[in-house]
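Here is how names work: the chains are called A, B, and so on, in the same order as the sequence lines, proteins then strands, and each is numbered from 1.
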Protein chains: 2
Amino acid sequence: MTDQLADAAGTTADPADTDGRVRRGDRTRRLVLGRAVDVASVDGLEGLSIGRLATELSMSKSGLIAHFGSKEQLQLATIRAARAIFATAVVEPALREPPGLGRVRALLDAWLDYSSDRRFPGGCFFARATHEFAARPGPVHDALAAADTEWLALIARTIAEAQAAGEIRADVDADQLAFDLAAYLDSANLRSLLLGSFAVYDQARAALDRRLTESAS
Amino acid sequence: MTDQLADAAGTTADPADTDGRVRRGDRTRRLVLGRAVDVASVDGLEGLSIGRLATELSMSKSGLIAHFGSKEQLQLATIRAARAIFATAVVEPALREPPGLGRVRALLDAWLDYSSDRRFPGGCFFARATHEFAARPGPVHDALAAADTEWLALIARTIAEAQAAGEIRADVDADQLAFDLAAYLDSANLRSLLLGSFAVYDQARAALDRRLTESAS
DNA sequence: TCATAATACGAACGATCGTACTATTTGTTT
DNA sequence: AAACAAATAGTACGATCGTTCGTATTATGA
């Protein structure tokens, strides 16, 4: 929680490890992954080349890739790092709200901020990477598909909480509602980048608001 | 109209040209672009490499790229080719319906078929390419942004026709409704590819139907 | 101080990238 | 048949790709 990229690097969560050598390695891993997520959000996980990353960070290719083993492992670590950032930027703030409609709204608002504030320079990291690997098999695809499934499940679960709290009608299909809401978010993210405008976020907010209002008890 | 890829290749629409040399060139251009859109729908417009394309088509790199001049020009031609395919698969069938709510539904249904039938092996070509270049400047970005803007404008115009026909309420914001509907389509396309399932198209249909029903007069 | 272990570097590898330049083949025209 | 034009092929270039190997640097232990 203190550092989003700690366990994304694959360390065994050993904060009290006083070995300065592995601490140096962890520091480098976090440095690399911090740049990697930004690069990948713009140029994709394939555009994330080792040589480019090494040049930008003023280090050697071999020294960089030694931390990950292969490019595919670097891509998987980058996804884990992006998940950690997403969790702190979107999920955790929402979970600080009490369960109910307020938490649903907090989750969606946090996502819109995460996208429009360009927490990643290329907009939502997952929108970029997921489309890149949607039609390609392999471990990277699977990791992204799992992340997407978890994200939609989180929305649906938050909706179900609001139903349990009596703030969303019981006859609403939580999965369907989650699908609709996520669709608005993704569409706004894409078209804001595409047009260089932020007005589309207002359209997303209007869509979210209407859909939630008509679902409220 | 007879051949979707004819003018996408950049020819000046000279069908009666009896010169067998340029006819051969046009045939090759269409062959190349037909493969290019399929490859790009899976691996993106950057993954579209000249060498790979040449190998798959059993021709030389130099002979292939001579038709386009540069990779960026090939990418732009590929976008034009994809637009032509999209027009015949989605737009033209819908425009054969009389203006009104029926045409709106026909347009959306045609899009869902275009996506779920995998008219491109990687799902919607534009979903893939647009996310790839959303955060990158240049002519390719601009061409994709223009295509997206035209697509949303077409939906909005079709909605406005239905309003003029008295089948959609006059107080409905056509641009907002178009945004919502397009969001459902894109979301279904992505998540169907990601999960390898087609059930998500039913969610999209449910979302489209609800949104249109509540907007109907 | 000296062996040990982890991290980082430098150089080179074969492969592929996009592009340019020069033939060669194929079809047209006179 | 000869001159011409368009399409295609062949070859090579410099750059970058991911990866591997040997070595140097840095920090930790005995």
Completion exercise
The side-chain hydrogen bond (donor to acceptor under 3.5 Å, both in side chains) partner of R191(A) among T149(B), T130(B), D186(B) is D186(B)
Problem - Nearest-angstrom distance from the residue atom CG of L64(A) to C1' of dC9(C) - result: 12 Å
Completion exercise
From CD of Q73(A) across to P of dG18(D) the rounded distance in Å is 15 Å
Practice task
Provide, to the nearest angstrom, the distance between the CZ atom belonging to F68(A) and the C1' atom belonging to dG18(D).
Solution key: 15 Å
Exercise for the section: Enter the distance from R157(B):CZ to R103(B):CZ here, rounded to the nearest 0.5 Å. Expected result: 10.0 Å
Handout entry: For atom CD of Q75(A) and atom P of dC17(D), their distance in whole Å
Key = 14 Å
Problem - Under-4.0 Å side-chain N/O to phosphate OP1/OP2 contact, H67(B) with dT8(D) - result: yes
Exercise for the section: Calculate the interatomic distance between L45(A) atom CG and dC17(D) atom C1'; express it in whole Å. Expected result: 16 Å
Exercise for the section: Would you mind classifying the nucleic acid contact of A66(B) as base, sugar-phosphate or nothing, using non-hydrogen atoms under 4.0 angstrom? Expected result: base
Problem - R119(B)-T88(B) side chain donor-acceptor pair, cut-off 3.5 Å - result: no
Handout entry: Interatomic distance where CZ belongs to R23(A) and P belongs to dT26(D) [whole Å]
Key = 16 Å
Which side-chain N or O atoms in residues 33-40 of chain A pair as donor and acceptor under 3.5 Å with protein atoms at least two apart or in another chain?
{"unit_1": "R35(A)", "atom_1": "NH1", "unit_2": "E56(A)", "atom_2": "OE1", "d": "3.3"}

Completion exercise
Which of F126(B), Y114(B), F86(B) passes ring-ring contact (aromatic ring centres under 6.0 Å, His included) with W151(B)? Answer is F86(B)
Exercise for the section: Mark up nucleotides 15-26 of chain C, 5' to 3', with B wherever a protein heavy atom is under 4.0 angstrom from a base atom, S wherever such an atom reaches only the sugar-phosphate, and - elsewhere. Expected result: --SBBB-----S
Handout entry: Y184(A)-F179(A) aromatic ring centre distance below 6.0 Å
Key = no
Handout entry: L31(B) CG - dA7(D) C1' separation (whole Å)
Key = 14 Å
